[in-house]
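Excluded from the calculations below are hydrogen atoms, water molecules and symmetry mates; all remaining heavy atoms, backbone and side chain alike, are included.
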Amino acid sequence: MAARRTLGRPTARRTLENALRRAGHLCVAGVDEVGRGCLAGPVTAAAVILDPDRPIPGLRDSKLLSPEARERLHDAILRRAVAWCVVSRPPADIDSLNIHKASLAAMREAVVGLAPAADYVLADGFAIPGLAVPHQGLVKGDQRCACIAAASIVAKVTRDRFMVALDREDPRYGFARHKGYGTAEHLAAIRVHGLSDAHRRSFRPATLLDLLVDDEYDETDGR
């Protein structure tokens, strides 16, 4: 049933990329990031230049795909793309810069790391300050443009694999299941174990603050 629902979802199109190529831009890159809303782990960005002669069926926003479909498409993208680059910014960078600036920095670095270089960039959501390449930000770009959808898939799979590996190193928090997002399981683990080196100190949702304040109160009160 889940597979049928996935197949019914619209795929991202190459309409804008094709128009840009007709206008003379031969290397159109898509760039996207994942992990902005997590309590732990890096924010990860990917940039991808698709090969117009090697189409990849089924590209869509990574959030609309099953984990199995993401893995399959990730591998196809890496085989068929003209170029791709992935950059992660760790929790320390997120805490020092803030998540928005760290995300944009990762996206900018991913674009700069492409070889061959992009001559036009389509970014999901926001324009990227300091990027010398002509570009534009597109709201819901990962649902509209194939190259941004491809970037979202590569970034998502790369980060998920990292969080699974982190779970093997430190299984206390269940990173392999929630990938660092603020689930009830994750918050309960933080209450028991405190924050690890993988956690972002600057991320303090009300629920997490309540847990940490309660724990501090319990210790000072002797309970």
S.K.: Check each of I153, I148, V48, L122 against D32 using the side chain to side chain contact (heavy atoms under 4.5 Å, CB included) test, and report the only one that passes.
M.R.: I148
S.K.: Short question: side chain of R36, backbone of V34 - any donor-acceptor pair under 3.5 Å?
M.R.: no
S.K.: Check for a donor-acceptor pair, side chain of R159 on one end and backbone N or O of P42 on the other, with a separation under 3.5 Å.
M.R.: yes
S.K.: Looking only at heavy atoms, what is the nearest atom pair of A40 and F175, with distance?
M.R.: CB-CE2, 3.7 Å
S.K.: Quick test of your reading: applying ring-ring contact (aromatic ring centres under 6.0 Å, His included), list the pairs with at least one residue in residues 60-104, sequence neighbours left out, ordered by first then second residue.
M.R.: H100-F126
S.K.: Do the side chains of V133 and V31 join up, straight or via other hydrophobic residues, at under 4.5 Å, putting them in one cluster?
M.R.: yes
S.K.: Please say yes or no: joined through hydrophobic side-chain contacts below 4.5 Å, possibly via intermediate residues, are L50 and L26 part of one cluster?
M.R.: no
S.K.: Any side-chain heavy-atom pair from L59 and T11 closer than 4.5 angstrom?
M.R.: no
S.K.: Restricting to non-hydrogen atoms, name the atom on A45 and the atom on A110 that form the minimum distance, rounded to 0.1 Å.
M.R.: O-CB, 4.1 Å
S.K.: Test side-chain contact (heavy atoms from CB on, under 4.5 Å) on S196 and Y173; report intermediate values, then the result.
M.R.: CA-CA 9 Å; S196 72; Y173 299 94; 3.7 Å; yes
S.K.: Within this structure, what is the CD1-CD distance for the pair I99 and E33, rounded to the nearest 0.5 Å?
M.R.: 7.0 Å
S.K.: Look at the side-chain heavy atoms of Ile, Leu, Val, Met, Phe, Trp and Tyr, link any pair under 4.5 Å apart, and say whether M107 and L131 land in one connected group.
M.R.: yes
S.K.: What is the minimum heavy-atom distance between P116 and V82, and which atoms define it?
M.R.: CG-CG1, 3.8 Å
S.K.: Run the side-chain contact (heavy atoms from CB on, under 4.5 Å) test on L20 and E17 for me, step by step, so that the C-alpha distance in whole Å, both residues' side-chain angles and the decisive distance to 0.1 Å come before the verdict.
M.R.: CA-CA 5 Å; L20 288 166; E17 295 101 301; 5.7 Å; no
S.K.: Heavy-atom distance under 4.5 Å between the side chains of K101 and R89, does that happen here?
M.R.: no
S.K.: May I ask you to say whether R161 pairs ionically with E71, meaning some side-chain N is under 4.0 Å from a carboxylate O?
M.R.: yes
S.K.: So, taking the atom named OG in S88 and the one named CD in E109, what distance separates them when rounded to the nearest 0.5 Å?
M.R.: 10.0 Å
S.K.: With side-chain contact (heavy atoms from CB on, under 4.5 Å) as the criterion, how do R177 and T183 come out once you've worked through the C-alpha distance, each side chain's angles and the decisive distance to 0.1 Å?
M.R.: CA-CA 10 Å; R177 291 182 292 279; T183 64; over 6 Å; no
S.K.: Between I190 and L39, is any pair of side-chain heavy atoms under 4.5 Å apart?
M.R.: yes
S.K.: State the CG-CG distance between D197 and D170, to the nearest 0.5 angstrom.
M.R.: 9.0 Å
S.K.: Restricting to pairs with a member in residues 127-159, which pass ring-ring contact (aromatic ring centres under 6.0 Å, His included), not counting sequence neighbours?
M.R.: none
S.K.: Ignoring hydrogens, what is the shortest heavy-atom contact between R14 and P52? Give both atom names and the distance.
M.R.: NH1-O, 3.5 Å
S.K.: Drop me the distance from H193's NE2 to R172's CZ, to the nearest 0.5 angstrom.
M.R.: 6.0 Å
S.K.: Quick check against the 3.5 Å criterion: does R80 have a side-chain atom that pairs as donor or acceptor with the backbone of P55?
M.R.: yes
S.K.: So, are D142 and K63 salt-bridged, with charged N and O less than 4.0 Å apart?
M.R.: yes
S.K.: So does G180 get a backbone contact from the side chain of H178, meaning a donor-acceptor N/O pair under 3.5 Å?
M.R.: yes
S.K.: First locate atom SG of C147, then atom CZ of R13, and finally report the distance between them rounded to the nearest 0.5 Å.
M.R.: 14.5 Å
S.K.: Is the shortest heavy-atom distance from the side chain of V111 to the side chain of R108 under 4.5 Å?
M.R.: no
S.K.: Apply side-chain contact (heavy atoms from CB on, under 4.5 Å) to residues M163 and C38 and explain how you reach the verdict.
M.R.: CA-CA 11 Å; M163 296 305 292; C38 297; over 6 Å; no
S.K.: Can you tell me how far CG of D61 sits from CD of Q143, rounded to the nearest 0.5 angstrom?
M.R.: 5.0 Å
S.K.: Check whether any side-chain heavy atom of L65 sits under 4.5 Å from a side-chain heavy atom of K156, and report yes or no.
M.R.: no
S.K.: State, to 0.1 Å, how close D124 and K140 come at their nearest heavy-atom pair, and which atoms those are.
M.R.: OD1-C, 3.7 Å
S.K.: Can you name the nearest heavy-atom pair linking A29 to I49, along with the distance?
M.R.: CB-CG1, 3.7 Å
S.K.: Looking at R200 and G41, would you say the former's side chain and the latter's main chain have a donor-acceptor pair under 3.5 Å?
M.R.: yes
S.K.: So if you build clusters from Ile, Leu, Val, Met, Phe, Trp, Tyr with side-chain heavy-atom gaps below 4.5 Å, do L166 and L195 land together?
M.R.: yes
S.K.: Enumerate the ring-ring contact (aromatic ring centres under 6.0 Å, His included) contacts for residues 27-51, please, sequence neighbours excluded, ordered by first and then second residue.
M.R.: none
S.K.: Under a plain distance cut-off of 3.5 Å, with no hydrogens placed, do Q136 and Y120 share a side-chain donor-acceptor pair?
M.R.: yes
S.K.: Consider only side-chain heavy atoms of I, L, V, M, F, W and Y, link residues closer than 4.5 Å, and tell whether L114 and V87 are in one cluster.
M.R.: no
